[in-house]
Amino acid sequence: LTLNQIVKILKNNGISQIKIGGKIFKTYKKIFILPGSGKSFLSKIDKKTLFITSDLGYHDAEFAEKHNFTVIDTYHFEIESVFKQIIFIF
């Protein structure tokens, strides 16, 4: 999937805030979704992976860029409330 396709899926399922950081790739084969705050899992993300979570900051996006993966930061409540819907799409 492309980043644009993924963003469209998120928006169509109720995610209103989408902030993208890190290294951007043409397509993604590995997508890791963590409802709630994902800061403590950043060091566990593989290269060329898209990590969708919440409560990230500027330095977290820098970390993703340095370690060659992409992050999408959303509202904490939104990702938790739509997780069951979007997990089956991906």
Side-chain angles (χ1 to χ4, degrees):
L1 291 169
T2 67
L3 189 57
N4 286 338
Q5 290 171 319
I6 294 164
V7 167
K8 186 175 181 179
I9 289 167
L10 293 173
K11 286 184 176 183
N12 287 342
N13 284 280
I15 303 292
S16 64
Q17 174 183 288
I18 296 173
K19 294 187 277 182
I20 301 168
K23 176 96 173 165
I24 308 298
F25 299 96
K26 289 184 180 182
T27 60
Y28 294 89
K29 294 182 181 176
K30 291 169 46 175
I31 302 171
F32 180 42
I33 306 171
L34 180 69
S37 179
K39 282 185 180 217
S40 61
F41 286 88
L42 288 172
S43 64
K44 298 174 181 5
I45 305 301
D46 294 330
K47 293 179 180 179
K48 297 188 178 180
T49 297
L50 174 62
F51 182 36
I52 304 170
T53 192
S54 62
D55 302 334
L56 298 178
Y58 174 80
H59 295 290
D60 302 319
E62 281 188 332
F63 181 88
E65 175 79 26
K66 182 179 177 182
H67 291 89
N68 211 27
F69 65 91
T70 309
V71 291
I72 291 182
D73 182 33
T74 69
Y75 283 130
H76 188 114
F77 175 76
E78 285 184 347
I79 193 66
E80 286 184 341
S81 62
V82 303
F83 175 73
K84 290 179 186 175
Q85 293 169 237
I86 62 175
I87 193 68
F88 294 109
I89 296 169
F90 295 112

Problem set entry | Heavy atoms from other residues, nucleotides or ligands near OH of Tyr75 exceed 12 (cutoff 6.0 Å) | no

For this session: For residues His67 and Lys47, report the shortest heavy-atom separation together with the two atoms involved.
Result: O-CG, 3.6 Å

Exercise. So, do Leu3 and Tyr28 sit near enough that their side-chain heavy atoms are less than 4.5 Å apart?
Worked result: yes

Problem set entry | Distance (rounded to the nearest 0.5 Å) between Phe77 CZ and Ser54 OG | 12.0 Å

Problem set entry | With Ile52, the side chain to side chain contact (heavy atoms under 4.5 Å, CB included) member among Val71, Ile6, Ile18 | Ile6

Exercise. Do any N or O atoms from the side chain of Thr53 and from the backbone of Gly36 form a donor-acceptor pair under 3.5 angstrom?
Worked result: yes

Problem set entry | Transitive ILVMFWY side-chain link Leu50 to Val82, under 4.5 Å | yes

Seminar exercise, completed: Sorted by chain and number, sequence neighbours left out, side chain to side chain contact (heavy atoms under 4.5 Å, CB included) with Thr2 holds for Asn4, Gln5, Thr27

Seminar exercise, completed: Heavy-atom closest pair (Phe69 atom, Asp46 atom, distance to 0.1 Å) is CB-O, 3.6 Å

Exercise. Could you give the distance from OG (Ser81) to CD1 (Ile15), rounded to the nearest 0.5 Å?
Worked result: 6.5 Å

For this session: Spell out, as yes or no, whether a donor-acceptor pair under 3.5 Å connects the side chain of Asp73 to the backbone of Asp55.
Result: yes

Seminar exercise, completed: Note: Glu78 and Gln17 closest approach over all heavy atoms is OE1-N, 3.6 Å

For this session: Is it possible for you to say whether Phe32 and Leu56 belong to one hydrophobic cluster, with membership spreading through side-chain heavy-atom contacts below 4.5 Å?
Result: yes

Exercise. From Leu34 CG over to Ser40 OG, what is the distance, rounded to the nearest 0.5 angstrom?
Worked result: 7.5 Å

Problem set entry | Heavy-atom pair with the smallest gap, counting every atom of Gly22 and Ala64 | CA-CB, 3.8 Å

Exercise. Going only through I, L, V, M, F, W and Y residues with side-chain contacts under 4.5 Å, is there a path from Ile45 to Ile33?
Worked result: no

Problem set entry | Which residues share a side chain to side chain donor-acceptor pair (under 3.5 Å) with Ser37, sequence neighbours left out | none

Exercise. Who are the side chain to side chain contact (heavy atoms under 4.5 Å, CB included) partners of Lys44, not counting sequence neighbours?
Worked result: Phe41

Problem set entry | Salt-bridge criterion met for Asp60 and Lys39 (N-O under 4.0 Å) | yes

For this session: Look at the side-chain heavy atoms of Ile, Leu, Val, Met, Phe, Trp and Tyr, link any pair under 4.5 Å apart, and say whether Leu1 and Ile24 land in one connected group.
Result: yes

For this session: Search all heavy atoms of Phe63 against all heavy atoms of Leu42 and return the closest pair with its distance.
Result: CE2-O, 3.5 Å

Exercise. Does the side chain of Val7 reach to within under 4.5 Å of the side chain of Ile20, using non-hydrogen atoms?
Worked result: yes

For this session: Mind checking the NZ-NZ spacing from Lys23 to Lys48? Nearest 0.5 Å is all I need.
Result: 9.0 Å

